[in-house]
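Below is one structure, written out as structure tokens, with a few remarks after it.
Residue numbers start from 1 in every chain, and the chains themselves are labelled A, B, ... in the order their sequence lines are given, proteins ahead of strands.
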Number of protein chains: 2
Amino acid sequence: MPSVTVENYLKHLLLLAEETAGLVPMGALSTALAVVPGTVTTMVKSLAAAGLVVHRPRQGVKLTAAGRRLALGVLRKHRLVETFLVQVLKMHWSAVNAEAEQLEHAISDTVLDRLDALLGHPATDPHGDPIPSRHGKLRSQVYATLATCPLARPVRLVRITEQSAEFLQFAEQHGLLPGASVRVTDRNLAAGLVTVQRPRGQPVALSLAAAGRILIEPAR
Amino acid sequence: MPSVTVENYLKHLLLLAEETAGLVPMGALSTALAVVPGTVTTMVKSLAAAGLVVHRPRQGVKLTAAGRRLALGVLRKHRLVETFLVQVLKMHWSAVNAEAEQLEHAISDTVLDRLDALLGHPATDPHGDPIPSRHGKLRSQVYATLATCPLARPVRLVRITEQSAEFLQFAEQHGLLPGASVRVTDRNLAAGLVTVQRPRGQPVALSLAAAGRILIEPAR
DNA sequence: CCCACCATTTTGAGTAGTCAAAATAATTTC
DNA sequence: GAAATTATTTTGACTACTCAAAATGGTGGG
Ligand SMILES: [Mn+2]
Ligand SMILES: [Mn+2]
Ligand SMILES: [Mn+2]
Ligand SMILES: [Mn+2]
């Protein structure tokens, strides 16, 4: 069985691959895992020796099919656990990422299946992140974001890709939850500011970076 | 925070202390943890240096107050998780010990409290094992067992201290569950055999060793 | 009292993962 | 097209466990 460390490397590699074309740079992994770059080089070489990743020195890494399979398993655990924590234990969506970070390594496939059934086989977690299927299918649709969508048109939030507890608390406070319907009333590229209006409520100002992490689809 | 290894050493030390007078011999810990004796010596010395245990060379180990406090926390997690797995996820009581062995190290105190509330603050787990309170109180009553109770009198099973999946499956098949009411009809010390009769059903034969792991109280 | 046996400890070695700091390669900048 | 900057790799060292096998210490039988 892969160690907790290996599972974390593979899962983060999968997440980074989603937002990176081609190889994931070593530095990105190093940042995501909060370890020093040299450590990543060492670990990636051993993952490569185990056939879980391909390492192109000085260029980056990517998962092999075997590595991706393992990573999807961990990600499925992560997101189902998050869903459980919110729906059954009524925890706040800003707190569950940290919890799931540990639990994803401790849950057996048996427990996972039971959890999945208990929750009614959900397709997404509390943040709108898609949950990989039992057989490793991951619905990864490309969405527009609050940073790119047309102005004034009503849009529905489908997913928040920012994990930090502070941001999620802020978002919830302003009704920016998956399913909410809003309109972008202004986008000031110079100032890097996006203004969002929801049906009944004050307008909310977001940085362009934050807006880019809120995925949407046209409403109605 | 203590590592998974340290948590396991402390928890097993607590369990072994329950069935041992005085110091726990190094060999007992070595067996319980499935590591070689020399490893236990090394680890116990480092636990002693951390103030979690007292080590009397060539005699044994015991928990300090600090070590016991930590061990009770782990045991509480273990038993609440077992209860959750049986009551909410409907798993078999013979499967949950192995699952909880991992999860006990991955659950935060926050999640634990929610779980405890969801389950209605249970006093015992599915095996009848007492669950330590949030503040580290462990009800440890001394019970008779099927190996020691008077013959022919009705007794109620309160706790099964044997954890092996095979035994628990066997026990369940013969209705030997916490709460069940039975009578010991015969006890043959020479053959090491105990015969148990339950209200409607065939008599069951148990080894003396197995019978000693089924704790009871007088019924009615 | 001594020897044999058993539990425990010691010694030496290995694996997994990590960091700090120096070396190297690739990319920008001028 | 150097020189400077930045990313990555290498090197050397450390922590936390673990095992195999040899050494040691108690105990209990003769
Ligand atoms: Mn994790
Ligand atoms: Mn999520
Ligand atoms: Mn454990
Ligand atoms: Mn139990």
Original post:
Does the A:R79 side chain pair with the main chain of A:P130, one donor and one acceptor, at a distance under 3.5 Å?
Top reply: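 The answer is yes, because a donor-acceptor pair under 3.5 Å joins these two groups.
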Take atom [atom1] of [X] and atom [atom2] of [N], then tell me their distance rounded to the nearest Å.
{"X": "B:Q59", "N": "C:dC6", "atom1": "CD", "atom2": "P", "answer": "21 Å"}
{"X": "B:L33", "N": "D:dC17", "atom1": "CG", "atom2": "C1'", "answer": "12 Å"}
{"X": "B:M26", "N": "D:dT24", "atom1": "CE", "atom2": "C1'", "answer": "15 Å"}
{"X": "B:N8", "N": "D:dT18", "atom1": "CG", "atom2": "P", "answer": "9 Å"}
{"X": "A:H105", "N": "C:dA16", "atom1": "NE2", "atom2": "C1'", "answer": "16 Å"}

**OP:** Mind checking side chain to side chain donor-acceptor pair (under 3.5 Å) for A:D116 and listing every partner two or more places apart, or none if nothing turns up?
**Re:**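 For A:D116, the residues satisfying side chain to side chain donor-acceptor pair (under 3.5 Å) (neighbours in sequence not counted) are A:R76, A:H121.
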Original post:
How would you list, by chain and number, every residue that makes a side chain to side chain donor-acceptor pair (under 3.5 Å) with B:R69, sequence neighbours excluded?
Top reply: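 With sequence neighbours excluded, B:R69 shows a side chain to side chain donor-acceptor pair (under 3.5 Å) to no residue whatsoever.
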Original post:
Taking DNA chain D as the partner, which of residues 9-23 of chain B come within under 4.0 angstrom of it by heavy atom?
Top reply: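 The stretch gives B:Y9 as the residues lying under 4.0 Å from the strand, ordered by number.
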Original post:
Among residues 43-54 of chain B, which residues get a heavy atom nearer than 4.0 Å to DNA chain C?
Top reply: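 Under 4.0 Å from DNA chain C: B:K45.
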With sequence neighbours left out, what residues match [X] under side-chain contact (heavy atoms from CB on, under 4.5 Å)?
{"X": "B:Q173", "result": "none"}
{"X": "A:A209", "result": "A:S207"}
{"X": "B:A48", "result": "B:V53, B:H55"}

Original post:
Tell me, which pairs form a ring-ring contact (aromatic ring centres under 6.0 Å, His included) where one or both residues lie in residues 77-108 of chain A, sequence neighbours left out?
Top reply: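 Found A:F84-B:F84, A:W93-A:H127.
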Original post:
Got a sec, which residues hit salt bridge (Lys or Arg N to Asp or Glu O under 4.0 Å) with B:E217, two or more places apart in sequence or on another chain?
Top reply: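 Residues passing salt bridge (Lys or Arg N to Asp or Glu O under 4.0 Å) with B:E217: none at all.
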**OP:** Using salt bridge (Lys or Arg N to Asp or Glu O under 4.0 Å) as the criterion, list what pairs up with A:R213, not counting sequence neighbours.
**Re:**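 A:R213: salt bridge (Lys or Arg N to Asp or Glu O under 4.0 Å) contacts with A:E162.
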**OP:** Establish, with yes or no, whether the OP1 or OP2 oxygen of D:dT10 is under 4.0 angstrom from a side-chain nitrogen or oxygen of A:T41.
**Re:**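 A:T41 to D:dT10 OP1/OP2: no side-chain N or O under 4.0 Å.
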Original post:
Would you say D:dT8 has OP1 or OP2 under 4.0 Å from some side-chain N or O of A:H55?
Top reply: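 False: A:H55 side-chain N/O out of range (4.0 Å or more) of D:dT8 OP1/OP2.
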Original post:
Checking all strands, does A:S30 fall into the base, sugar-phosphate, or nothing category for heavy-atom contacts under 4.0 angstrom?
Top reply: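 No contact.
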N/O contacts under 3.5 Å, protein versus nucleotides 19-21 of chain C?
unit_1	atom_1	unit_2	atom_2	d
C:dC19	OP2	A:V36	N	3.0
C:dC19	OP2	A:T39	OG1	2.9

Pairs under 3.5 Å (N/O, protein and nucleotides 1-3 of chain D):
none

Does a side-chain heavy-atom distance below 4.5 Å link [X] with [Y]?
{"X": "B:T124", "Y": "B:R159", "value": "no"}
{"X": "A:L115", "Y": "A:T83", "value": "no"}
{"X": "B:E104", "Y": "B:V81", "value": "no"}

Subject >> Qualifying residue for side-chain contact (heavy atoms from CB on, under 4.5 Å) with A:M43, from A:V6, A:L33, A:L29 >> reply: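 It is A:V6, the one option of A:V6, A:L33, A:L29 that forms the side-chain contact (heavy atoms from CB on, under 4.5 Å) with A:M43.
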**OP:** Spell out yes or no: do the side chain of B:R58 and the base of D:dT24 have one donor N/O and one acceptor N/O closer than 3.5 Å?
**Re:**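 Indeed, a donor on one side and an acceptor on the other fall under 3.5 Å apart.
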**OP:** List the atom of A:Q169, the atom of A:S94, and the distance in Å for their closest heavy-atom pair.
**Re:**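 So the minimum-distance heavy-atom pair works out to NE2-OG, 3.2 Å.
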Original post:
Considering only C:dT9, C:dT18, D:dT9, which nucleotide approaches the side chain of B:P57 most closely?
Top reply: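 Nucleotide nearest to B:P57's side chain: C:dT9.
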